Amino acid sequence: MPGDADHFDARPTKPRVVVVPSSQAPRPRDEILAGLAAPRPAIAPKYFYDDLGSRLFEAITQLPEYYLTRTEASILSGHLPEIVREAGGEGATLVDVGAGNCQKAARLFSALRPARYVAVDIAVGFLAASLECLQRDFPDIEMLGVGIDLSAGLRLPPMDERGRRLLFYPGSSIGNFAPDDAIALLRQFREAAGPEGALLIGVDLIKETTLLDAAYDDPLGVTAAFNLNVLLHVNRLAGTDFDVRKWRHAAFFDPVSSRVEMHLEARADVTVGWPGGGRRFKAGDRIHTENSYKYTLEGFGAMLRDAGFARSRAWCDPRGWFAVLLAQAR
Ligand code: AVJ
């Protein structure tokens, strides 16, 4: 019956989700196979996030040892009015980079009251489902999903918007990039924010090694499952024949490079094949899957300045484990 659908679908329509094809990024299959064949074999951390990987990461954020997500949430909720004031108040376009389940941004909504919410993530199916739920709770905020591979740059589709832009990059996701690449990404954020805009970013700080090791190698083995799951994703993307049982999770903080490294280590000699090739791994050989850089507040402030941000303010938890910074483009 005409009209019925309208009636039941009253206001909250499904948010539009667009995929921005990355012309610069190599195709996943080529990138993955090149990484596996390299002298130091590696898989880029963006490949963690298939549907199961996105869910395993959500589970990580609930672990007692993984202090990052809850520490950041407590900093944000403890200083929300001040952060919103510094960020220019209500009515902005909130651009959430690496939005995942969108829960971090959703907790800002009541105080920030953005006119528009643009959620950007590489895991576009997971993002679309998250956005659809969120739109029902916040029918007055215009929402857009953007599927994009950040390692090829932050390219946003043209948007009809008034007001300022606030870029949101929480969770210390910036830690996945080596310092020089991180500065280049921050510079792109500054450009995307525009002259009136700002960046709200979460950064994990250097702390005792035992705390960092535990956060990335938890006793329940959730992080191990998250790390090993990349092999299943890679099997689908690149046609490899990884047997998860032949590999083990390894994670540790390296104070010299100031980063937590994650690897997958061969439990015994193993051969991995793929269409047109393959590689033998000896017991103990590793595939590097992630770096998670840790900073001092001073060090990260300097990177923001290098990226061209005019000034920044920082908030920390009482233990000094995590920082939230608000950086003004000018
Ligand atoms: C989503 C990149 C911030 O580095 O802490 C969690 C990913 N890896 N446990 C991080 C991750 C292992 C996470 N980031």
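Just so you know, residue 1 is the first one in the sequence shown, and it goes up from there. The shown structure was predicted, so the numbers you read here are calculated from the model rather than taken from an experiment. Every number for a ligand or one of its atoms is a count from 1 in the order of the listing.
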With only distance considered, is [X] within less than 3.5 Å of ligand 1 through an N or O on each side?
X: E290; answer: yes
X: Y216; answer: yes
X: T223; answer: no

Under 4.0 Å from a heavy atom of [X]: which atoms of ligand 1 are those, numbered in the order shown and with their elements?
X: G171; result: 3 (C)
X: F57; result: 1 (C), 6 (C), 7 (C), 13 (C)
X: S292; result: 4 (O), 5 (O), 10 (C)
X: S172; result: 3 (C)

Run the contact test for [X] against ligand 1 with a 4.0 Å cut-off on heavy atoms, strictly below, and give the result.
X: G175; answer: no
X: F48; answer: no
X: Y49; answer: yes

Heavy-atom pair of closest approach, residues H263 and T289: N-OG1, 3.8 Å
Inter- and intrachain pairs under ring-ring contact (aromatic ring centres under 6.0 Å, His included), touching residues 81-110, at least two apart: F109-Y117, F109-F138
Closest to atom 2 (C) of ligand 1 (judged by heavy-atom distance), picking from D217, V260, N176: N176
Closest to atom 10 (C) of ligand 1 (judged by heavy-atom distance), picking from F177, Y66, Y293, F226: Y66
Check: L200 and I83 side chains under 4.5 Å, non-hydrogen atoms: yes
Rounded distance [0.5 Å steps], OG1 in T210 versus CZ in F253: 11.0 Å
Basic-acidic side-chain contact under 4.0 Å: E132, R136: yes
R286/E261 ion pair, N-O < 4.0 Å: no
Non-neighbouring partners of R330 that pass side-chain hydrogen bond (donor to acceptor under 3.5 Å, both in side chains), sequence neighbours left out: E196
Y67 six-ring face occupied by R70 cation (under 6.0 Å, within 45°): no
